[in-house]
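Presented below is the structure to which this report refers.
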Amino acid sequence: MPESNSSKSLLRNSVNFPSFSDLPDENDVDLTYYDEGPRGFEPSQHWCFLGEIVDSYGLGRILLRVKDKDDQVVTIGLYTDDRGHALAPQIKQGHTVAVLYGEQHGFLDMSVGIRVEEPSIIKIIPCSLEQLLKASDDVAARKLNGQSRCCGSCGKKENASDNTHLRWCSRCKQTSYCGEVCQRKAWVDGHKTDCKAFVWVQWFAARNWGVFNGYFNF
């Protein structure tokens, strides 16, 4: 049976991009993510939690309620020095939160979520989780199938015989257009958001998640 495109999609990888239930517990050593070395247990690979913002609250410290890839809703507590207020202008319902090296944490109210202490490991991505995963799937499909280029608006294929030449979107370089009219139309029709998703998929794809040689930062 042929392998599906989504099986090659980076952000569908359940080890490097786990749902909350698959995150390591901060009080245990998860051998999926840690190896014992001369200085004790150290990370053996990288991982990143992705969740879509469904709500935020807190006057002193900002708390996010996010829904992960399995539709589980959990709390992300921002325990940075500024209590998350630098992120406040970016926090919008429907945007995606990415947390590097997230671990399951038990809060004082007996709930379980993710505690973030370093601002360099959290990022708000201005698109939905569904859009981000779809962008990852689309990139995987192009690599797997070698899809021919066509205009992202009208669908016209590149053809030297009739002088049809397509130009990549200068930002994401994942969608191409036959001219400025189609490019402007596609931007209004949805590429404005898709472009941001593609840019972040490329950020993730540019890194080797399976080998740990030092921590990643946003």
Side-chain angles (χ1 to χ4, degrees), residues 4-54 63-80 84 87 90-91 95-107 111-140 143 196-218:
S4 67
N5 294 336
S6 63
S7 68
K8 290 286 188 179
S9 177
L10 175 65
L11 301 189
R12 301 280 185 186
N13 183 320
S14 61
V15 174
N16 300 117
F17 295 89
S19 297
F20 179 78
S21 61
D22 293 324
L23 288 176
D25 188 296
E26 64 180 5
N27 296 313
D28 294 322
V29 176
D30 189 330
L31 296 180
T32 301
Y33 299 103
Y34 292 92
D35 279 338
E36 188 170 14
R39 292 178 295 180
F41 285 97
E42 299 176 332
S44 58
Q45 58 182 319
H46 304 273
W47 69 96
C48 181
F49 171 82
L50 299 172
E52 183 174 312
I53 298 172
V54 297
L63 303 173
L64 304 177
R65 295 287 286 168
V66 305
K67 180 172 63 176
D68 70 6
K69 291 191 289 185
D70 291 337
D71 291 332
Q72 181 179 358
V73 177
V74 299
T75 298
I76 297 179
L78 303 183
Y79 285 76
T80 54
L87 280 177
Q90 304 170 46
I91 296 173
H95 284 184
T96 299
V97 180
V99 180
L100 293 165
Y101 316 110
E103 296 182 320
Q104 296 184 22
H105 169 79
F107 293 107
S111 66
V112 181
I114 301 171
R115 178 183 172 118
V116 174
E117 298 183 359
E118 296 296 330
S120 62
I121 65 168
I122 186 170
K123 193 72 178 180
I124 308 293
I125 301 175
C127 67
S128 70
L129 180 56
E130 181 181 358
Q131 288 168 324
L132 188 65
L133 293 174
K134 183 181 182 302
S136 180
D137 294 345
D138 289 346
V139 170
K143 290 182 178 179
K196 296 172 184 177
F198 280 128
V199 167
W200 275 101
V201 169
Q202 291 176 77
W203 187 92
F204 290 117
R207 286 152 179 80
N208 184 352
W209 292 82
V211 178
F212 187 86
N213 289 311
Y215 288 97
F216 294 158
N217 293 293
F218 288 120

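Every value quoted in this text rests on a predicted model; they were computed, and no experiment measured them. We number each residue from 1, following the sequence as shown.
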Practice prompt. Count the heavy atoms of every other residue, nucleotide or ligand shown that sit under 6.0 Å from CD of Glu118, and state whether that count exceeds 12.
Written response: no
Item to complete: Decide yes or no for Ile114 and His105: does some side-chain heavy atom of the first lie under 4.5 Å from some side-chain heavy atom of the second?
Response: no
Item to complete: May I ask you to decide if Leu129's main-chain N or O and Thr96's side chain share a donor-acceptor pair within less than 3.5 Å?
Response: yes
Worksheet, complete the sentence: Between Phe216 and Leu100 the two heavy atoms that sit nearest each other are O-CD1, 3.5 Å
Worksheet item: Is a side-chain donor or acceptor of Ser128 paired with a backbone partner of His95 at a separation under 3.5 angstrom?
Response: no
Discussion item. For the backbone of Pro126 and the side chain of Gln131, can you confirm whether one donor and one acceptor N or O come within less than 3.5 Å of each other?
Written reply: no
Worksheet entry | Donor-acceptor under 3.5 Å (Lys69 side chain, Ser14 main chain) | no
Discussion item. Please tell me whether Trp47 and Tyr101 form a close aromatic pair, meaning their ring centres lie under 6.0 Å apart.
Written reply: yes
Practice prompt. Please answer whether the main-chain N or O of Leu23 pairs with a side-chain N or O of Gln104 as donor and acceptor at a distance below 3.5 Å.
Written response: yes
Practice prompt. Taking all non-hydrogen atoms of both residues into account, name the closest pair between Ser9 and Asp137 and its distance.
Written response: OG-OD1, 2.8 Å
Worksheet item: Judged by atom type as modelled, is there a donor-acceptor pair below 3.5 Å linking the side chain of Tyr215 to the main-chain atoms of His46?
Response: no
Worksheet item: Quick one: does Asn208's side chain have a donor or acceptor within less than 3.5 Å of a partner on Gly210's backbone?
Response: yes
Worksheet entry | Over 12 foreign heavy atoms within 6.0 Å of CD, Glu130 | no
Practice prompt. Side-chain contact test, heavy atoms from C-beta onward, threshold under 4.5 Å: evaluate it for Gln72 versus Ser21 and give yes or no.
Written response: yes
Worksheet entry | Backbone N/O of Phe20 and side chain of Asp68: donor-acceptor pair under 3.5 Å | yes
Worksheet item: Between Ser44 and Phe212, is a side chain to side chain contact (heavy atoms under 4.5 Å, CB included) present by the stated rule, with each step listed?
Response: CA-CA 5 Å; Ser44 58; Phe212 187 86; 5.6 Å; no
Item to complete: Flag this pair as yes if the NZ/CZ of Arg207 is under 6.0 angstrom from the six-membered ring centre of Trp209 and inside a 45 degree cone about the axis; otherwise no.
Response: no
Item to complete: Specify whether Trp203 and Trp200 have parallel, tilted or perpendicular ring planes, treating 30° as the upper limit for parallel and 60° as the lower limit for perpendicular.
Response: tilted
Worksheet item: With side chains defined as the heavy atoms from C-beta onward, is the minimum distance between Phe107 and Leu63 less than 4.5 Å?
Response: no
Discussion item. Please report the interatomic distance CD1(Ile122) to CD1(Ile76), rounded to the nearest 0.5 Å.
Written reply: 5.5 Å
